[in-house]
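First comes the structure, then the notes that go with it.
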Amino acid sequence: MFEVEIKNLKVFANIGITLEERKKKQLLKVTLNFNYSVPKNKNLENISNLKSYSDITKFLKKFINDSKYNTLEKLIMSSSEVIEKKFKIKKVKIKVDKTVVAKRYGSETVSVSN
């Protein structure tokens with residue numbers, strides 16, 4: 001089994017509880033972790049036997065960028081479910097850092113993960 005981590009992917013999204021917060025896209029830093037297996041008889045040098053990190057990354061960025069969720073929790077759960085299904089991967093874990101809001105409170109970041 002392989003474990004993959006795509007760390008601190010920069011994505012902009014309209015997210016937040018208040019209308020004011022959702023007016024302008026905010027920078028989110030997204031970390032995606034997942035596991036997948038390749039059958040022993042498959043060639044690990046053949047990209048068609050592996051998961052495409054590029055396709056997964058592009059899909060996740062577009063999904064988040066196009067989303068209209070109010071909370072990070074809903075965004076994370078929806079993103080995890082759609083990635084698991086679309087790319088047939090297991091144990092998807094997503095962490096989102098929302099640095100802009102955290103700075104208002106004197107914090108470096110606010111992170112939510114599943």
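Only this structure's heavy atoms are used, side chains among them; waters, hydrogens and symmetry mates stay out. Note that the coordinates shown come from a computational prediction; the quantities given were computed from them, not determined experimentally.
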Task: From I89 atom CD1 to L32 atom CG, the distance as rounded to the nearest 0.5 Å - done: 6.0 Å
Task: N49 side chain vs K42 backbone, donor-acceptor pair below 3.5 Å - done: no
Open item on the list: If you define the side chain from C-beta out and look only at heavy atoms, does anything of F2 sit under 4.5 Å from S37?
Closed with: no
TODO: Taking only Lys NZ, Arg NE, NH1 and NH2, and the carboxylate oxygens of Asp or Glu, determine whether E21 and K98 approach each other closer than 4.0 Å.
DONE: yes
Task: Side chain to side chain, N114 and M77, heavy atoms closer than 4.5 Å - done: yes
TODO: Could you verify whether a donor N or O on one side chain and an acceptor N or O on the other, from D97 and T99, lie under 3.5 Å apart?
DONE: no
- [ ] Look at atom CD of E45 and say whether more than 12 heavy atoms of other residues, nucleotides or ligands are closer to it than 6.0 Å.
- [x] no
Task: S111 vs V96 side-chain heavy atoms within contact, under 4.5 Å - done: no
TODO: Enter the distance from L75:CG to I94:CD1 here, rounded to the nearest 0.5 Å.
DONE: 7.5 Å
Open item on the list: Please report the interatomic distance CG(L72) to CD1(I17), rounded to the nearest 0.5 Å.
Closed with: 9.0 Å
Open item on the list: Rounded at 0.5 Å granularity, tell me how far NZ in K91 sits from CG in N33.
Closed with: 12.0 Å
Open item on the list: List the residues meeting side-chain contact (heavy atoms from CB on, under 4.5 Å) with F59, not counting sequence neighbours, and say none if there are none.
Closed with: F63, V82, I83, K86, F87
Open item on the list: Do L9 and L27 sit in one hydrophobic cluster, given that two such residues count as connected whenever their side-chain heavy atoms are within less than 4.5 Å of each other, even indirectly?
Closed with: no
TODO: Take atom NZ of K51 as the centre, draw a 6.0 Å sphere, and report whether it contains more than 12 heavy atoms from other residues, nucleotides or ligands.
DONE: yes
Task: Between NZ on residue K7 and NZ on residue K29, distance to nearest 0.5 Å - done: 11.0 Å
Open item on the list: How close do Y53 and I6 get, counting heavy atoms only, and between which atoms?
Closed with: O-CD1, 4.3 Å
Open item on the list: Could you tell me if the side chain of F12 sits less than 4.5 Å from the side chain of L28, heavy atoms only?
Closed with: no
Open item on the list: Within the structure provided, determine whether S52 and I47 are in side-chain contact (heavy-atom separation under 4.5 Å).
Closed with: no
- [ ] Flag yes if L44 and V4 sit in one hydrophobic cluster, no otherwise; membership is Ile, Leu, Val, Met, Phe, Trp, Tyr, and two members link when side-chain heavy atoms are under 4.5 Å apart.
- [x] yes
Task: Distance-only donor-acceptor check, side chains K25 and N14, under 3.5 Å - done: yes
Task: Non-hydrogen atoms of R22 and G16 that approach each other most closely - done: NH1-O, 2.8 Å
TODO: Report yes if some heavy atom in the side chain of V30 is under 4.5 Å from a heavy atom in the side chain of N8; otherwise report no.
DONE: no
Open item on the list: Less than 4.5 Å apart, side chain to side chain, heavy atoms only: is that true for E73 and V112?
Closed with: yes
TODO: Quick one: pull up OG in S80 and NZ in K85 and give me the separation to the nearest 0.5 Å.
DONE: 14.5 Å
